[in-house]
Amino acid sequence: VKLAELPTPALLIDVARMHANIRDMAAAAADAGIALRPHFKTSKCVPVVRAQLAAGAVGFAAATAAEVSALREAGVAEILWAHQPVGPVKVSCAVTSGATVGIDSVEVAGPLSAAAQRAGATVPYLIEVDTGLGRTGVPPSAVVELAKALARLPGLQLRGAFTHEGHLGRYPGDRSKVESAGRDAGSALVAAAQALRAAGYRCDTVSVGSTPGATSAPFVPGVTEARPGTYVFYDANQVALGSATLERCALTVLARVVTVRHDGVAIIDAGVKAMSSDMSVAGNGFGIAGQGLEFAAANEEHGYLQGPGAARLRVGDLLRIVPNHACGTVNMFSGAYAVEGDQAVERWPIVARH
Ligand SMILES: Cc1ncc(COP(=O)(O)O)c(C=O)c1O
C-alpha cells in the first residue's frame with residue numbers, strides 16, 4: 001500500500017537502507033577480524049534478525065528476559081544476555097535459556113549459582129567491565145579479584161569479559177573524540193582480559209559493543225567480538241555522533257499534520273508515545289523532520305514543528321521523521337511497516353517490548 005494509506009503515526013523501516021547498514025557492518029566486522037553479535041534491543045523484530053544472521057552475525061545480544069525468550073523462539077541459540085540477571089524470574093531465565101549472562105558482583109552471582117546447582121545446570125558468564133560509562137560493570141583493575149570470588153561459586157563458568165562503551169554518546173560533533181574514546185575502551189577491556197588470563201582464568205570472549213564505537217573499539221587487537229545495535233537503522237543521535245549520515249537512517253515515524261496554528265507552528269500526530277521521550281544527544285528536539293522544520297516539543301500524541309518550513313505545511317500533510325534514538329522509538333510500536341520506495345510491502349511485528 002501507498003504510505004498515504006497508512007494509519008499515523010506509523011513506524012517505517014526502509015528495507016534497502018536497512019540491508020545496506022547490515023551489509024556494511026558485517027563487512028567492517030570481517031575487516032576487524034572479529035565476530036558480529038548485534039544487539040536485539042534495537043529492532044525487536046524477527047525479520048530484521050533473520051537478515052542480520054544471513055549476513056553472518058554469530059548470534060545476538062539481549063537486554064531483557066523477554067528479548068532472550070523472543071530470540072530463542074526465533075531459533076537463535078547463541079545469545080549473550082548482556083545484563084545482570086537479578087530477581088527470581090531473571091535467574092530462572094538465565095538458568096534455563098542457555099544464554100551467556102553478564103555478572104559484575106558476587107551479589108548477582110550468588111542466587112544464580114544456587115539456582116544453577118538446583119537445576120544441575122552450568123550458566124556461562126562474562127564479567128562486565130566499566131570502561132567509562134559509569135553504569136554497571138567493575139573497573140578493569142577489579143576483574144581478577146571478582147573472578148577469584150566468582151570461581152568459588154559452583155554452577156557458573158567464566159567465558160570472558162565485555163563492556164558497553166556507551167559514554168561515546170557524550171561527544172556529539174566531535175568524531176575524533178568518539179574514535180579515541182572507543183579505542184581507549186577497547187584497550188581497557190583487552191587489558192582486563194589479559195589480567196584475567198595472567199591470573200589463570202579463561203577469557204575467550206572479549207566483547208565490546210556500541211554503534212558510535214563500531215569503527216574504533218573492535219579494531220583494538222585482542223577484541224574478539226562487537227555488539228552494535230543501533231547501526232541496523234541508525235538515528236538522529238548517531239548522525240550527531242558522526243556514526244552515519246542522515247541518508248543511512250532506515251527508521252522513520254510517519255506522521256500527519258493535524259493543525260497549523262495561526263502563529264505558524266504545525267502540530268503533528270506524533271508525540272512522545274510515537275517518538276519516545278529520548279532526547280537528542282545534541283540537546284535539540286525530538287527528531288529530524290527536515291525541510292526547515294524543528295521538532296521543538298512534544299506531548300503524548302502531539303508534536304510541535306516550528307521553523308521556516310512550518311509555514312508551508314497544511315493539515316493532512318505527511319512527514320517522515322528520523323527519531324533521536326531508534327531503540328526507544330521501536331519500543332513504542334507493536335509493528336513496523338517494511339517500506340520499499342514509497343510502498344509499505346509488509347507489516348513486521350515488534351516483539352519482546354516488555
Ligand atoms: C550492553 C549493551 N551492548 C550493546 C549495546 C548497543 O549499543 P548501540 O545502541 O550504541 O548500538 C547496548 C546499547 O545500549 C548495550 O546496553
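Because only heavy atoms are used, hydrogens play no part in the values below, and waters and symmetry mates are left out as well, while side chains stay in. When a ligand or atom number is given, it counts from 1 through the structure's own listing order.
Using a 30° and 60° split on the angle between ring planes, Phe60 and Phe40 fall in the perpendicular class, above 60°.
Across every non-hydrogen atom of Thr163 and Val129, the tightest pair is OG1-O, 2.7 Å.
Glu165 and Ser210 share a side-chain donor-acceptor pair at under 3.5 Å.
Applying the salt bridge (charged side-chain N to carboxylate O under 4.0 Å, His left out) test to Arg227 and every residue at least two apart in sequence or in another chain returns nothing. When the salt bridge (charged side-chain N to carboxylate O under 4.0 Å, His left out) test is applied to Arg175, the partners found at least two apart in sequence or on another chain are Glu179.
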Distance-only donor-acceptor pairs under 3.5 Å for side chains of residues 196-206, two or more places apart:
residue	atom	partner	partner atom	Å
Arg197	NE	Cys203	O	3.2
Arg197	NH2	Cys203	O	2.7
Arg202	NE	Asp204	OD2	2.8
Arg202	NH2	Asp204	OD2	2.8

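Ligand 1 is surrounded by His39, Lys41, Ala82, Arg135, His164, Gly209, Ser210, Thr211, Pro212, Arg227, Pro228, Gly229, Thr230, each with at least one heavy atom closer than 4.0 Å.
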